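Below, read A as the first sequence line, B as the second, and so on, with proteins coming before strands; counting in each chain starts at 1. What you see is a predicted model, and the numbers here were worked out from it, not measured in a lab.
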Amino acid sequence: MASGDRIMLELGQMSASARQGTVFSISSIGTGVVVVVYDARNLVGGVACVSMPESKLSMQAPIEDVTKDKPAKFADLAIPLLLEEFRALGGDKNISTVRLVGGAQLFNFGGGGGNLLNIGVRNAMAIRTALTKEGFVVEKADTGGNKPRSIRFELSTGNVYVRAIGSVEDYTV
Amino acid sequence: MPNITVQDVMAKVEHLPPLPQAALRVSRLMQEEDTNAERIAAIIRLDASFTSNVLRLCNSAAYGFSRRISTVKEAVAILGFSTLKSMVYMILAKSALNHEVAGYSLKRGDLLFNALSGAVYAKHIAQKERLPDHELAFTGGLLRDIGKIVLGDFVGEEYKKIEEVSIQNRIDYLMAEDKVLGMNHARAGKYLAEKWNLPNPLMLSIQHHHHPSKMNVLPNAPEGPIVTAVHLADLFTSMLGNGVGRDAMMYAVDGEALKKFGFKTVDNEKMEALMSEIVNLDSVVKDLFDTLSGMEVS
């Protein structure tokens, strides 16, 4: 069995791989949303960890500075970049699947917080919008709730394992 | 159901492993009226390990000084009193918080990372809101959850009940702790803060960071906005999953506090822009964590 790469990603990062045995792992995603795109036939996979829905609301800093070490920070910028890398490695849009994991929320008891309260939902929505523009559809989503999640995506099997904080077991998405 | 009393908490506080003596001495000295940077420096210099740890922090990327600081005297002159205090507290935090706390599902390192995240974010928010004491926000964020190391051992299997009570009654985790245990980690933290002789403004952050609007202070009290900055920093830390435990997102924004203490980042667009800035601070948090992780602290 090939040893493969273990690719650990954090919010704002992305990676694609066609190397056999690659495992992507992301720990402790709260309101952020992880996007997993997978071509089971050609065994190509890509992951992006999005933390904010839209780049246009950010500061006046030029896009290059903002996304230098966090290319996947904003949903609208992350998706085209991720898919470009995925395609470059041989990922075929027509037979690929996309799954979303994350987008948890703080409690909302009506006490305020503006649109921080649904930032997880808006991350997921912004990702879906960006995917639609590229001709991709989300097949499965495990989003919402109040618990941060840790995620493991295995390229060889296509399995996405999720564990909520405090749980002792993974579940698959 | 357990009913954890103040006596139970005090007994636990007494039994916690002792903090590094040098750092504790310095932190007490920092509270005194007539203290000054020279006196602090003199005490630091007496302990080689403490000196080395302070200098490590000074020279870390997080502080970004262009030249290397090699003596305590230089550190004091360049950093100033407030920043030095923050460094002393970080060294204390490393000693006290670098443990697993099973009751909150926190692995070793999580609570320290969480503390540093709150510290860095609170300072950023304080700077943005132009509050007078950014380092107070830093240390408030840093020490806000020390109560978890006290209460963690009492939680046991009750964590399931606490979560259920929180969700069913639509109350946050802190209030659910009170209902189930008869005690919460903010109050437990206050007792530990008293044992460490922490100054009152820090005690307020520890006790009230989940509900700053409930503090018994006037709207123009300087502590109000500081504790509110710590409150927001705590929520951002949860949202970004930084060293979080099982209670992570089971809290709400205290909108009352934002209004009461005149926060300017209250409207929707500004909150999101603030979060976007906060996201970019993770390299600072990581650098501080790596620097502290490399330290020997008795």
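Annotation for A:Gly166 and B:Arg246: closest pair CA-NH1, 3.7 Å, computed over non-hydrogen atoms. Across all non-hydrogen atoms, the minimal contact from B:Ser166 to A:Phe107 is OG-CE1, 3.2 Å. Between B:Val244 and A:Ile165, the shortest heavy-atom distance links the atoms O-CD1, 3.3 Å. Heavy-atom minimum distance, B:Met275 versus A:Leu116: SD-CD2, 3.7 Å.
When atom types are taken as modelled, the side chain of A:Lys73 and the backbone of B:Ser276 share a donor-acceptor pair closer than 3.5 angstrom.
Heavy-atom distances place the side chain of B:Phe236, and not its backbone, under 4.5 Å from chain A. For a residue to count as touching a neighbouring chain, one of its non-hydrogen atoms must lie under 4.5 Å from one of that chain's; by this rule B:Lys286 touches chain A with the side chain only. Only the backbone of A:Gln105 comes within less than 4.5 Å of a heavy atom in chain B; its side chain stays farther off. For chain A, the nearby part of B:Asp282 is the side chain; its heavy atoms alone come within less than 4.5 Å. Contact of A:Asn146 with chain B is made through backbone and side chain together, with heavy-atom distances under 4.5 Å. At a 4.5 Å heavy-atom cutoff, B:Leu274 makes no contact with chain A through either its backbone or its side chain.
Among residues 25-39 of chain A, the residues having any heavy atom closer than 4.5 Å to a heavy atom of chain B are, in sequence order, A:Ser28, A:Gly30, A:Thr31, A:Gly32.
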Considering only distance and modelled atom types, tabulate donor-acceptor pairs under 3.5 Å from the side chains of residues 254-261 of chain B, sequence neighbours left out.
unit_1	atom_1	unit_2	atom_2	d
B:Asp254	OD1	B:Ser213	OG	3.0
B:Asp254	OD1	B:Glu256	N	3.4
B:Asp254	OD1	B:Ala257	N	3.2
B:Asp254	OD2	B:Ser213	N	2.9
B:Asp254	OD2	B:Ser213	OG	2.8
B:Lys260	NZ	B:Val217	O	3.4

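For B:Phe113, the ring pair (Phe, Tyr, Trp, His ring centres under 6.0 Å) partners two or more places apart in sequence, or in a different chain, are B:Phe289. Scored by the ring pair (Phe, Tyr, Trp, His ring centres under 6.0 Å) test, A:Phe86 finds no partners at all (sequence neighbours excluded).
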Next item on the list: Could you walk me through whether A:Leu106 and B:Leu235 pass the side-chain contact (heavy atoms from CB on, under 4.5 Å) test, one step at a time?
Entry: CA-CA 8 Å; A:Leu106 294 175; B:Leu235 293 175; 4.0 Å; yes

